[in-house]
Amino acid sequence: MSDSDDDMPLAQRTHKPAAEGSDDEDDRPLAHRQFTHKPSANGNTAAAAPIGTTTSTAVSVSRPATADATDLNGWDSSSSDDIPLAQRKKALVAQKSQATQPKGQKAKPVAKDIANREGKRKRQDEAPKGRQAPSKKTKALDDAPPRKKRVANPASQGAKEEDKEIKWEKLRHAGVLFPPEYVRLPSNVKMLYDGQPVDLTEEQEEVAQMFAIMKETDYMRKQLFLDNFWNDFKKVLGKDHVIKGLKKCDFTPMYDHAMAEREKKKALSKEEKLAIKQKKEADEAKFKYAQVDGRTEQVGNFRVEPPGLFRGRGEHPRMGKVKSRIYPRDITINIGMEEPIPEHPYPGQQWKEVRHDKTVTWLAFWKEPIVRRTSSMCGWLPNSTFKSDSGLGQNHVDDIRKMYEKDWDSKDTQRQQMGCALYFIDQLALRAGHEKDEDEADTVGCCTLKVENVECMPGDHIKFDFLGKDSIRYENEVVVHPKVYALIKKFCQHSANNKPKKPEDQLFETMDATDLNKTLKDLMDGLSVKVFRTYNASITLDRLLWEPSDSEVIDAKKADYDRANKEVAILCNHQRAVPKGHAGQMEKLSERMHKLNEELLELQHELKASEKGKAYGDKKRRDPERVHAAIDAKKAVIAKAEINARVKDDLKTVALGTSKINYLDPRITVAWCKRNEVPMEKIFNKTLVTKFFWAMDVDPDFKF
DNA sequence: CACTAGACTTGGAATAATTTTG
DNA sequence: CAAAATTATTCCAAGTCTAGTG
């Protein structure tokens, strides 16, 4: 039965009743739940069931009997007392009673001149990013003095300019660990060109080897990957090389060699493996910790990335390019003034620069050669205060909702678009969606949605279909407020200045993520689009975990938690590819089930025989009592296996980890563990326990 | 005010380590 | 006890968002 979910996009799955029917309305993430209440302004009360829900019981569970018939959605600002909101409010009372004064209707920035904005976009379109060679500009900026940082203290408004946030006074560390040098292949391992072995220089061989090991990956079927690689390989080969193209290249010998090496490594004895591991740890030891103001802090990432081929996700324009080796001359070191400058294993080379910048937490950084705009770096592990505890409390949420609801009625298109965008962000936990360059994968977020990404269906349904971060597909069909529906329909058809839109045009052409963030920031300090994602994730988990459960044993309780976790993951569209071998594993499980069922049948036969006082088959006769017991045990095993298989299949496309690590306030989890007497370690692994140590003494009654 | 470098955060896949199972 | 399954960790890519600049 659970197979029925297979073809359903993750984001949509909560709209379906669970196979066993226990998944009633209360199990839905809030956002989805609200969406699924069809406003009955159209008198269509009977159809107010959540999308795809066939059991009518689900509908009424959380709705107040007295609910205003026009306000099932809860969007009308005049009625913030619909149940979901009320639930949230209740959950917040204990904690957030001190919440800062809402600034709700404080002056918002005057909507920008649309024509102006349109002009900007137009310019962009016409002159597609001549993205000038970055070197010049970059160089200049690299050498610029460290920038100032303001202290994030609203009280010091006046003196802001003068303040810098000093992150450390003393900083000592050992620098970075370089990847091992390239080791040449044995002379009998050579790639073939047109069937003939080819001699390569060390540099050429290294690049060839990078490609060789990708032999069995999907990238080999991507022309872009091959083209990009060939372009870079060609450069290393130089002019007039015998190798004229990839077509006639055969890297099999190199690939086989690499695989053989891997096998060899695997086959090492336990002792040898241990020795290697200890050697590695010894090499890394001195890089692992930094001394920060006398404290020892763990360094987040001290490894310099090894060279390799760039593997972009989705259709990344630069996939297959060679990511060259990073040397000290590429790296800027940041360290305390009096401390010894870190050493490196490249005699004759200098660090690019040594700084003593107290306002940043990184220890070293370099430019990533392919994706230029980002630099890799390493700093110490943050002491992990939960970043998302932005103070976005219920008061603010209500204010913000009122604000964006009001914007739907604005005469100003930009306000309307902002209102709709925020609504989506709040309800669907979409990402902001900043503008991207041509040479990046073509993915979108809320503010960069294109007309072709949304489809207006009858009955105020909107269907989303787009590639989000990491080219993960987001597919979801939701019921929206009629006002939003009308607006979106309009935005799909023509722009603010009444020009018809093409499918690839921006849905919200008058605004972008920065505008939205500015508005939010004016509403409340520290508020930005991404806060909604975190907030919604945490509040959802909190709500689900406060739901009563009759689970007795730890395992069942853990299953409860995982279920809640899963809801959050679905809300955030944390999707993963179906794990390799999943089908095979499922098959095995069903085989096992089959076998178990046969065994059960056997036992039942035995029982009959036993009751007649006979032996069954060639076995000794057992007491009916005993056989009964065996049957019960078998049944339990079968039930467990069944659940196991279903959960497994259920979660095959859901990635739980991300939300656990990044979105969910650990205090919610810790408090739940305490209430339910579940040991922490069942939920958080060792690293997470460490990371969240600060949350461990939370009150069991903590509510988000 | 537009633009972007720089500093964080957040992601899924790959790989390694550990536990469970047959 | 080896193979398989599960879980933890590493890897490295790709988002968000703001301060500073010209």
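Here is the naming used below: chain letters follow the sequence lines, and residue numbers restart at 1 for every chain.
- Side-chain nitrogen and oxygen atoms of Gln585(A) include at least one within less than 4.0 Å of the OP1 or OP2 phosphate oxygen of dT6(C).
- Here the P atom of nucleotide dA5(B) and the CD atom of Glu440(A) are 12 Å apart, to the nearest Å.
- Nearest-nucleotide positions on DNA chain C place Leu309(A) closer to the 5' end than the other of Leu309(A) and Ala513(A).
- In this model, the phosphate group of dA13(C) is not approached by any side-chain N or O of His316(A) to a distance below 4.0 Å at OP1 or OP2.
- If you measure from atom CH2 of Trp362(A) to atom P of dT9(B), you get 17 Å, rounded to the nearest angstrom.
- Contact check on Asp562(A) versus Lys566(A) returns no salt bridge, with no Lys/Arg side-chain nitrogen under 4.0 Å from an Asp/Glu carboxylate oxygen.
- Here the side chain of His434(A) is nearest to one of dA13(C), dT16(C), dT18(C), namely dT16(C).
- Closest to the side chain of Ala655(A), from the set dT10(B), dG12(B), dT18(C), is dG12(B).
- As rounded to whole Å, 14 Å separates atom C1' of dT6(C) from atom NE2 of His582(A).
- Considering only side-chain atoms of Arg576(A), the nucleotide from dG15(C), dA13(B), dT15(B) that sits closest is dA13(B).
- Phosphate proximity of dG11(B) to Tyr663(A): present, with a side-chain N or O under 4.0 Å from OP1 or OP2.
- Between dG12(B) and Thr658(A), a contact under 4.0 Å exists linking OP1 or OP2 to a side-chain N or O.
- Among the protein residues, Lys323(A) comes within range of the sugar-phosphate backbone only, with heavy atoms under 4.0 Å from sugar or phosphate atoms but none that close to a base.
- Within 4.0 Å of Gly445(A), counting heavy atoms only, lies no atom of the nucleic acid at all.
- Nucleic acid contact class of Lys530(A) (heavy atoms, under 4.0 Å, all strands): sugar-phosphate only.
- Ionic pairing of Arg303(A) and Glu284(A) is present here: one or more N-O contacts between side-chain nitrogen and carboxylate oxygen are shorter than 4.0 angstrom.
- Using a 4.0 Å heavy-atom cutoff across all strands shown, Pro579(A) reaches no nucleic acid atom at all.
- You'll find that the side chain of Lys469(A) is closest to dA14(C), out of dA7(B), dA14(C), dC11(C).
- The side chain of Arg431(A) approaches dT16(C) more closely than any other nucleotide in the set dA5(C), dA13(B), dT16(C).
- Across the protein-nucleic acid pair, Glu435(A) atom CD and dA14(C) atom C1' stand 17 Å apart, rounded to whole Å.
- Atom CG in Asp515(A) sits about 11 Å away from atom C1' in dA2(B), given to the nearest Å.
- Atom C1' of nucleotide dC8(B) and atom CD1 of Ile661(A) are separated by 17 Å, given to the nearest angstrom.
- Remark on DNA chain C: of its neighbouring residues Pro306(A) and Lys686(A), the 5'-side contact belongs to Lys686(A), judged by nearest-heavy-atom nucleotide.
- Note on Thr443(A): a side-chain N or O is less than 4.0 Å away from OP1 or OP2 of dG15(C).
- At the heavy-atom level, Lys648(A) lies under 4.0 Å from the strands shown only through sugar-phosphate atoms.
- By the 30° and 60° cut-offs, the orientation of the rings of Tyr474(A) relative to Phe464(A) is perpendicular.
- Arg313(A) comes within 4.0 angstrom of a base, heavy atoms only.
- At the phosphate of dA13(B), neither OP1 nor OP2 sits under 4.0 Å from any side-chain N or O atom of Lys580(A).
- Each of Glu435(A), Gln417(A), Met511(A), His434(A) was scored for a side-chain contact (heavy atoms from CB on, under 4.5 Å) with Cys447(A), with one residue passing: Met511(A).
- With DNA chain B read from its 5' end, the first of the two nearest nucleotides for Val578(A) and Arg592(A) is the one closest to Val578(A).
- Between Lys652(A) and Asp649(A) there is a salt bridge, since at least one side-chain N of the basic residue sits less than 4.0 Å from a carboxylate O of the acidic one.
- The phosphate of dC17(C) (OP1 or OP2) has a side-chain N or O of Asn517(A) nearer than 4.0 angstrom.
- Taking the side chain of Asn685(A) as heavy atoms from C-beta on, and the options dC11(C), dG12(B), dA8(C), the nearest nucleotide is dA8(C).
- The existence of a salt bridge linking Asp560(A) and Arg563(A) is confirmed by a sub-4.0 Å separation between a basic side-chain nitrogen and an acidic carboxylate oxygen.
- Atom pair Leu688(A):CG and dT10(C):C1' shows a separation of 14 Å (rounding to whole Å applied).
- Checking dA13(B), dG15(C), dG12(B) against every side-chain atom of Ala577(A), the shortest atom distance belongs to dA13(B).
- As a whole-Å value, the separation of Asp512(A) CG from dA2(B) C1' is 10 Å.
- In the set dT18(C), dC12(C), dA13(B), dT18(C) carries the atom at the smallest distance from any side-chain atom of Ser528(A).
- Between Glu509(A) and Ala496(A) the shortest heavy-atom distance is OE2-N, 2.8 Å.
- Using a 4.0 Å heavy-atom cutoff across all strands shown, Gly312(A) reaches sugar-phosphate atoms only and no base atom.
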